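The block underneath contains the structure these notes are about, expressed in structure tokens.
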Amino acid sequence: MRYSKMLLPTLKESPSDAEVVSQKLMMRAGMIRKVAAGIYTLLPLGLRAVRNVERIIREEMNRAGAQEVSMPVVIPAELWQESGRWDEYGKELLRLRDRHDREFCLGPTHEEVVTDMVRREVRSYRELPLNLYQIQTKFRDEIRPRFGLMRGREFVMKDAYSFHATAESLDAEYENMYRAYTRIFERCGLAFRAVEAETGAIGGRFSHEFMVLAESGEDAIASCAKCAYAANIERAEVREPEALKPASGQAVERVSTPGMKTIEEVSAFLKTRPELMIKTLIYETDKGLVAALVRGDHQINEFKLKKVTGAQWVKLAEEAQVQKATGAPVGFAGPVKLSIPIYADFGVRNISDGFTGANELDAHLKHVNASRDFHAAYADLRNAEAGDRCPRCEGTFEIKRGIEVGHIFKLGTKYSEAMGATFLDEEGKERVITMGCYGIGVGRTAAAAIEQNHDEAGIIWPRPLAPFDCMVLPVNVKDEETRKAAEALYDELRSEMEVLLDDRDERAGVKFKDADLIGIPVRVTIGERNLKQGKVEIKERRSGDVRLVDLKEAAVEVKKSLS
RNA sequence: CGGGGCGUAGCGCAGCCUGGUAGCGCAUCUGCUUUGGGAGCAGAGGGCCGGAGGUUCGAAUCCUCUCGCCCCGACCA
């Protein structure tokens, strides 16, 4: 490709609304342009990178035995009504009507469509297992789209759905997909971890998220420094702490704490530490109000709370309900003499001579001991933190941030049952198909690659994703010798790789800056001075290494740099 | 959905408080000079100041409504 013919509008400054590096660099490198909130156009350079991600995904999915299909973006409401999600999914589902006033939605995911197809076409266990995937545009009307391609409303996703006669078959396919995903992200040149994740209401023993490690990641993951255990912080198991420390035996005492509501205020006022405070949160659930206790320096985890209480949903109680349950305004709740069910994190059991709210305005209690002064059901209720002990070994947790680029999980029979997707087994008995589903955010993967591979000057593409493998940069196209050498090298390389020839009549500095910005792995610079010696310069974007080689050897040297 | 902020040339911004008919840098176009890390000089083009309504002799500027965008939170699994 000739730079002079390419729509590649680079920017010196990043747009003011760009927040994360990948978004800034994709804008500046002329890869994407925003059309509306969370909706982008991919320009030629951006599309090339995204196509590379897609190519790798296709190759590995096909290799893993999956078959590509293409399902519609516009989906009739009936299918979603059948699965029950038309009412459940909420406002993220963009709904629309056609000219006959029939209802449709833009597909945010395709379980319904694929299940509908399979129930029509698959009759026998002989046709199973089956894994169907597509790479296609999805729409989710996110409340707050941000970070460019990382969290758009319209985005390209690879979604795969597998269908099985037995749970064992699903397990095998899950493993198969796990390996395929590992290969995909390895080939993309990404540093990632597969972590255990929440499955939500969907079931299955566990699911795995594939996280690209990056500061800007929206998810926090806890990983063991010693063993392979890694989990989304929402799910990471926190071990029950060791033996209790002996209590002083002093009786509970009421202390006045006028206007002190937060852990920070109270602990400062009472000259103690947050670790010695029992944070008491009142939650409203479908089973009534409950109290949840965690140590003052810990964070409650609502997923864990939900699981422990067996509730369908939990949410922090309103002011009035707190007043009703505790007899005090928010900020003075405590477990002592509380009449609603109490769930406490293991860490609370460890507190002796602790501090907590007195269920009375402007008052707290001290010398509180869990075992003596109140009764609670103990469980793992908090978010994991750095330094927590690993549940699997003697190591401790590190907390890292990650970008979720892939997610695999076992669906079970949620959709097949609701929609009547069945097959006949060996005995001619009708049974419900068991399903798995496997997603990859395509644009997000490209963005994540930039988050992980850039420097001050711009993008540093991992070679497999690079829009071009090599860039040929004649310093001065008006110089006949330079131009001829560049054209010749361009033609030679072009038969073997994707080459960008910067044939623009621009100053050298401009061309160098653009080259660094768009981050092509190898750059061949052809200038008059070196050319007189029969030499050209090869620069590797990642290492910055520069070497002079014979013009005749240039093509070979480029390939050497790329290998 | 709650709170905050911003819409002025392709991009980044000033002007608004204190009304007088729009400006800076970058980009674009022309010419000359320059040519290995975002050149210099000279000249040029480009804006219904997000939209509608109001106040006023006069509105980018003040008021009301509206649309869009951004940030924080809640939401989402």
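No hydrogens, no waters, no symmetry mates; every other heavy atom, side chains included, goes into these values. Per chain, numbering begins at 1; letters A, B, ... match sequence-line order. Model, not experiment: these values are computed from the prediction.
In this structure, A:E218 places its CD atom 11 Å from P of B:C71, rounding to the nearest Å. Atom CG in A:N232 sits about 9 Å away from atom C1' in B:A77, given to the nearest Å. Atoms NZ (A:K12) and P (B:G10) sit 18 Å apart, rounded to a whole Å. Remark: P of B:A39 and CZ of A:R504 are 12 Å apart, rounded to the nearest angstrom. As rounded to whole Å, 12 Å separates atom P of B:C72 from atom CZ of A:R151. Atom P of nucleotide B:C71 and atom CD of A:Q23 are separated by 8 Å, given to the nearest angstrom. In this structure, A:M157 places its CE atom 13 Å from C1' of B:A77, rounding to the nearest Å. Following rounding to the nearest Å, A:K511 (NZ) and B:U35 (P) show an atom-to-atom distance of 16 Å.
Nucleotide B:G45 has no partner under the Watson-Crick or G-U criteria, as no pair reaches both atom distances under 3.5 Å. Both distances falling under 3.5 Å, in either a Watson-Crick or a G-U wobble arrangement, place B:C69 opposite B:G5. Across all strands shown, B:C13 forms a Watson-Crick or G-U wobble pair, both distances under 3.5 Å, with B:G23. Partner assigned to B:U61 is none, using Watson-Crick or G-U wobble distances below 3.5 angstrom. Within the shown strands, nothing qualifies as a pairing partner of B:G38 under the Watson-Crick or G-U definition with both distances less than 3.5 Å. B:U55 is unpaired under the criterion used here, namely a Watson-Crick or G-U wobble arrangement in which both key atom distances are under 3.5 Å.
Listed nucleotides B:G38, B:A77, B:U35 differ in distance to A:N476; the shortest reach to its side chain belongs to B:U35. Among the nucleotides B:G37, B:C70, B:G36, the one closest to any side-chain atom of A:D516 is B:G37. When the nucleotides B:G37, B:C69, B:C71 are ranked by their closest atom to the side chain of A:E19, B:C71 comes out on top. Of the candidates B:C71, B:G37, B:G38, the closest approach to any side-chain atom of A:R28 belongs to B:G38. In this structure, of B:G36, B:U35, B:G12, it is B:U35 that holds the atom nearest to the side chain of A:K478. Among B:A27, B:A74, B:G12, the nucleotide with an atom closest to any side-chain atom of A:E13 is B:G12. Distance from the side chain of A:K513 is smallest to B:G37 among B:C1, B:G37, B:C11.
Taking the C1' atom of each, B:A60 and B:C13 are spaced 15 Å apart, rounded to whole Å. Comparing the C1' positions of B:C11 and B:G38 gives a spacing of 15 Å, expressed to the nearest Å. Only the C1' atoms considered, B:G20 is 11 Å distant from B:U61, to the nearest whole Å. Separating the C1' atom of B:A59 from that of B:U8 is a span of 14 Å, rounded to the nearest Å. Only the P atoms considered, B:A22 is 40 Å distant from B:U34, to the nearest whole Å. Between B:C16 and B:G50, the distance separating the two P atoms is 15 Å to the nearest Å. Taking atom C1' in both B:A39 and B:U35, the straight-line distance is 9 Å, to the nearest Å. Distance noted for atom C1' between B:G7 and B:G15: 15 Å (whole Å).
Salt-bridge formation is not detected for the pair A:E154/A:K138: no Lys NZ or Arg NE/NH1/NH2 atom is positioned less than 4.0 Å from an Asp or Glu carboxylate oxygen. Salt bridge annotation for A:D516-A:R523: present, with a cationic side-chain nitrogen under 4.0 angstrom from a carboxylate oxygen. Classification of A:R95 and A:E103 as a salt-bridged pair fails, no side-chain N sitting under 4.0 Å from a carboxylate O. Between A:E112 and A:R85, at least one side-chain N (NZ, or NE/NH1/NH2) sits under 4.0 Å from a carboxylate O, which counts as a salt bridge. The pair A:K34-A:D17 meets the salt-bridge criterion, since a charged nitrogen lies less than 4.0 angstrom from a carboxylate oxygen. Here A:R483 pairs with A:E480 in a salt bridge; the nearest charged N to carboxylate O distance falls below 4.0 Å. Between A:K400 and A:D219 there is no salt bridge, since no side-chain nitrogen of the basic residue lies less than 4.0 Å from a carboxylate oxygen of the acidic one.
If you check every strand for non-hydrogen atoms under 4.0 Å, A:R153 touches nothing. Using a 4.0 Å heavy-atom cutoff across all strands shown, A:R33 reaches no nucleic acid atom at all. Using a 4.0 Å heavy-atom criterion, one finds that A:D479 contacts no nucleic acid atom at all. Counting non-hydrogen atoms under 4.0 angstrom, A:E506 reaches nothing in the nucleic acid. Among the protein residues, A:K34 comes within range of the sugar-phosphate backbone only, with heavy atoms under 4.0 Å from sugar or phosphate atoms but none that close to a base.
Distances shown here put every side-chain N or O of A:T525 at or beyond 4.0 Å from the OP1 or OP2 atom of B:G36. Distances shown here put every side-chain N or O of A:S16 at or beyond 4.0 Å from the OP1 or OP2 atom of B:C6. Side-chain N/O atoms of A:K91 include none lying less than 4.0 angstrom from OP1 or OP2 on B:C75. Of the side-chain N and O atoms in A:R144, one or more sit less than 4.0 angstrom from OP1 or OP2 of B:C71. Close to B:G36, at under 4.0 Å from its OP1 or OP2, lies no side-chain N or O of A:K539. Side-chain nitrogen and oxygen atoms of A:R146 include none within less than 4.0 Å of the OP1 or OP2 phosphate oxygen of B:C69. In terms of phosphate contacts, A:R507 brings a side-chain nitrogen or oxygen within less than 4.0 Å of OP1 or OP2 of B:A39.
Comparing A:P15 and A:V510 by the nucleotide of RNA chain B whose heavy atom lies nearest to each, the residue mapping closer to the 5' end is A:P15.
For B:G36, its base sits under 3.5 Å from the side chain of A:E537 at one donor and acceptor pair at least.
The minimum heavy-atom distance linking A:P474 with A:D502 is given by the pair CD-O, 3.2 Å.
Formation of a donor-acceptor pair under 3.5 Å by the A:Y490 side chain with backbone atoms of A:M1 is found in this model.
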